[in-house]
Amino acid sequence: MQLTGVRLTGARYDEIEKLVVDMYEECGLYAIPIDCFAIAQKLGYILIPYSYLSPFDQAEAFEKSDEGYSEIHCLNGMYRYFIYFNDYEPNHRRVRFTIFHEIGHCYLGHLDDDKGKSYAELESEANFFARTAIAPLPIICTMDLDYVEQISCEFDVSYTASCHILNAYRQWLRYGARDYLEHEIKLLDMFGLRKAA
């Protein structure tokens, strides 16, 4: 999980959180750990492991990224999103985060129109999308997860990502809204985790 250090606005964080909830609803997937492969399939994104590429194309892929990248191509007269990922990476949890990160680039429209955003800003948005998609903070709260190991195990994320997620969770508890926001309630309802008042 690479962090770029570019801070987004509070409004943009909220927009991305809402888009993640919309994505879950669109895909109809409400089980933890959240299946990035199933989400990509339901969204019509084409996943291509590096191992499926020719030696020449593999070399190009590794030049672009050691982890993964996404592109848009015309296939049978339709533009489709292609997500290439390094399946040689031995830590499957890192691969999951990479796929969610690339889904974020696609779902947020980064490949369609960058809207004049810097590379660092696009990466920050995709990182936030991935972190939110792989381990939503309201779900962590409802499940009473307080340790890196718990987050790593429950959400099938790497130790490093779990450290970042736990830090974000603690910040959310400290500085976030006192009550769940509308999209957070919707999220908990979709996963069947909202506790009775």
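Counting begins at 1 with the first residue of the sequence. Owing to the predicted nature of the structure, the values given are computational and were not obtained by experimental measurement.
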| Can you list the steps and then say if T142 with R194 is a side-chain contact (heavy atoms from CB on, under 4.5 Å)? | CA-CA 7 Å; T142 302; R194 186 156 56 132; over 6 Å; no
Main-chain N/O of [Y] paired with [X] side-chain donor or acceptor, under 3.5 Å:
X	Y	result
T98	G68	no
R96	F155	yes
S152	V157	yes
R80	G44	yes

If every non-hydrogen atom of [X] is compared with every non-hydrogen atom of [Y], which pair is closest and at what distance?
X	Y	value
I103	I39	CD1-CG2, 4.1 Å
A120	V6	CB-CG2, 3.3 Å
E184	P138	CG-CG, 3.6 Å
S51	Q58	CA-NE2, 3.7 Å
L193	I32	CD1-CD1, 4.3 Å
F129	F100	CD2-O, 3.8 Å

Sub-4.5 Å side-chain heavy-atom contact between [X] and [Y]:
X	Y	result
E67	E89	no
Y52	D57	no
K186	Y180	no

[X] side, atom [atom1]; [Y] side, atom [atom2] - distance, nearest 0.5 Å:
X	Y	atom1	atom2	result
I140	Q150	CD1	CD	10.0 Å
Y84	S70	OH	OG	10.0 Å
R131	S162	CZ	OG	12.0 Å
I83	C36	CD1	SG	9.0 Å
Y169	I151	OH	CD1	8.0 Å
E71	I46	CD	CD1	12.0 Å

| field | Candidate pair E26 and Y107, rule side-chain hydrogen bond (donor to acceptor under 3.5 Å, both in side chains), full reasoning | value | CA-CA 12 Å; E26 182 179 343; Y107 205 81; 2.8 Å; yes
| message | Between V21 and E17, is the side-chain contact (heavy atoms from CB on, under 4.5 Å) condition met? List the steps. | response | CA-CA 6 Å; V21 173; E17 287 175 351; 5.8 Å; no
State yes or no: do [X] and [Y] share one hydrophobic cluster built from I, L, V, M, F, W and Y residues joined by side-chain heavy-atom distances below 4.5 Å, directly or via other members?
X	Y	value
Y79	Y45	yes
L75	I48	yes
L43	V20	yes
L181	M190	no
I99	I72	yes

| task | State which residues pass side chain to side chain donor-acceptor pair (under 3.5 Å) with T9; sequence neighbours excluded, sorted by chain then number. | result | none
| query | Does the side-chain contact (heavy atoms from CB on, under 4.5 Å) test come out yes or no for R93 and Y159, once each step is laid out? | reply | CA-CA 9 Å; R93 292 173 167 180; Y159 182 84; over 6 Å; no
| message | For a quick check under 3.5 Å, do D66 and Y88 share a side-chain donor-acceptor pair by atom type? | response |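 Side chains of D66 and Y88: no pair found under 3.5 Å.
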| said: Is it the case that the side chains of D156 and H92 hold a donor-acceptor pair, with the cut-off being a distance below 3.5 Å and no angle test? | reply: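 Yes, because at least one side-chain N or O of H92 sits under 3.5 Å from a partner of the opposite role on D156.
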| request: Would you please indicate if the ring centroids of F191 and Y24 are separated by under 6.0 Å? | output: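 Yes, close enough.
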| request: Please report the C-alpha distance between R12 and E15 in whole Å, then the side-chain angles of each, then the deciding distance to 0.1 Å, and finally whether the salt bridge (Lys or Arg N to Asp or Glu O under 4.0 Å) criterion is met. | output: CA-CA 5 Å; R12 186 59 179 152; E15 287 171 15; 2.8 Å; yes
| task | Could you check whether the rings of Y69 and Y50 sit parallel, tilted or perpendicular, using 30° and 60° as the cut-offs? | result |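 Correct class here is tilted.
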| query | Taking the inter-plane angle between the rings of H101 and H105 on a 0 to 90° scale, is it parallel (under 30°), tilted (30 to 60°) or perpendicular (over 60°)? | reply | perpendicular
| query | Take atom CD in Q171; do more than 12 heavy atoms of anything else shown fall under 6.0 Å from it? | reply |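 Correct, the count exceeds 12.
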| said: Looking at Y30, I want to see if its OH is surrounded by more than 12 non-hydrogen atoms of other residues, nucleotides or ligands under 6.0 Å. | reply: yes
